[in-house]
Amino acid sequence: MQIRESELPSIGKKFQMTTEAGDKLVLVVHDDGRREMYHYDREDPDDSISMVELTDEEAKQVAFILGGLVYKPRSLETIEMALDELVIEWYRLEPGSPYAGRTIGELDIRRRTGTTVIAVVGHGQVRQINPGPDFVVPEEATLVVMGERRHLKEFKKMIKNGSD
């Protein structure tokens with residue numbers, strides 16, 4: 001599913017998505033915390049067929065349910081057991097980090113820490129998903145890193161110490 005995000009000046013943000021089933025959903029997050037969800041007709045994607053307004057608290061409760069924190073479908077239990085130790089975390093490079101301006105391959109992160117960089121978010125929210133070894137890490141980037149908890153601790157130490 002692709003999500004398009006856009007700013008709504010003086011209102012908040014709009015998130016538009018089309019599901020695999022072909023349903024178009026639009027979520028508007030207002031600066032005051034309210035949320036609006038719009039569902040569109042599959043045959044006429046410009047025709048909104050329903051709208052729900054949620055308070056900030058109601059939106060959080062719905063997110064818990066949809067995210068599987070309240071009920072976990074049985075089919076996902078086996079996947080989660082297989083991935084139990086797999087964790088994804090975000091790390092922001094400090095200004096002047098010795099890792100900025102170097103390629104993923106040069107940093108040799110996987111060999112040194114056992115983790116994998118699965119995405120890099122740079123200035124202006126420019127994203128690089130699954131960066132290859134030739135990808136140059138920009139200044140003050142956020143690295144999305146995946147690995148077991150013990151490996152993520154090694155990665156965090158490496159980033160904090162700035163050592164090669």
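Not measured: the values here are computed from a predicted model. If you read the sequence from its start, that first residue is 1, and numbering goes on from there.
Screening Glu36, Arg35, Glu53 against His30 for a side-chain hydrogen bond (donor to acceptor under 3.5 Å, both in side chains) leaves a single residue, Glu36.
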Next on the checklist: Go through it in stages, so that I can follow the logic: the residues are Ile159 and Tyr99, the test is side chain to side chain contact (heavy atoms under 4.5 Å, CB included), and I'd like the CA-CA distance, side-chain angles, deciding distance and then a yes or no.
Outcome noted: CA-CA 8 Å; Ile159 292 295; Tyr99 300 110; 3.9 Å; yes
Checklist entry - What do the steps show when you test Glu148 against Leu152 for side chain to side chain contact (heavy atoms under 4.5 Å, CB included), and what is the final call? => result CA-CA 6 Å; Glu148 294 180 15; Leu152 287 168; over 6 Å; no
Checklist entry - When you look at Leu54 and Met37, which way does the side chain to side chain contact (heavy atoms under 4.5 Å, CB included) test go after all the steps? => result CA-CA 8 Å; Leu54 301 169; Met37 290 189 312; 4.2 Å; yes
Item to check | Steps toward side chain to side chain contact (heavy atoms under 4.5 Å, CB included) verdict (Val28, Tyr38) | outcome: CA-CA 8 Å; Val28 177; Tyr38 297 89; 4.1 Å; yes
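Under the 4.5 Å side-chain heavy-atom criterion for Ile, Leu, Val, Met, Phe, Trp and Tyr, Val62 and Met17 are members of the same hydrophobic cluster. The same ILVMFWY cluster, assembled from side-chain heavy atoms under 4.5 Å apart, contains both Val52 and Leu27. One hydrophobic cluster, built from ILVMFWY side chains closer than 4.5 Å, holds both Val137 and Met158. Ile129 and Val117 sit in two unconnected hydrophobic clusters of ILVMFWY residues. Membership requires side-chain heavy atoms under 4.5 Å apart, directly or through other members. Put simply, Val29 and Ile11 are part of two different groups of oily side chains (I, L, V, M, F, W, Y) that touch within less than 4.5 Å, one to the next.
Distance check: Asp41 CG to Asp46 CG gives 10.0 Å after rounding to the nearest 0.5 Å.
At distances below 3.5 Å, not a single donor-acceptor pair connects side-chain atoms of Arg111 with backbone N or O atoms of Ile109. In this structure, the side chain of Thr116 does not engage the main chain of Ile118 through any donor-acceptor pair within 3.5 Å. At least one donor-acceptor pair closer than 3.5 Å links the side chain of Thr19 to the backbone N or O of Asp23. Judged by distance alone, with hydrogens and angles left aside, the side-chain atoms of Lys13 form no donor-acceptor pair with the main-chain N or O of Glu7 at under 3.5 Å.
In summary, Lys14 and Glu5 do not engage in a salt bridge, as defined by a charged side-chain N under 4.0 Å from a carboxylate O. Using a cutoff of 4.0 Å between basic side-chain nitrogens and carboxylate oxygens, Arg92 and Glu140 are scored as salt-bridged.
Here ring pair (Phe, Tyr, Trp, His ring centres under 6.0 Å) pairs that include residues 130-158, with residues two or more places apart or in two chains, are Tyr91-Phe155.
Shortest non-hydrogen contact noted between Val120 and Pro138 is CG1-CD, 3.9 Å.
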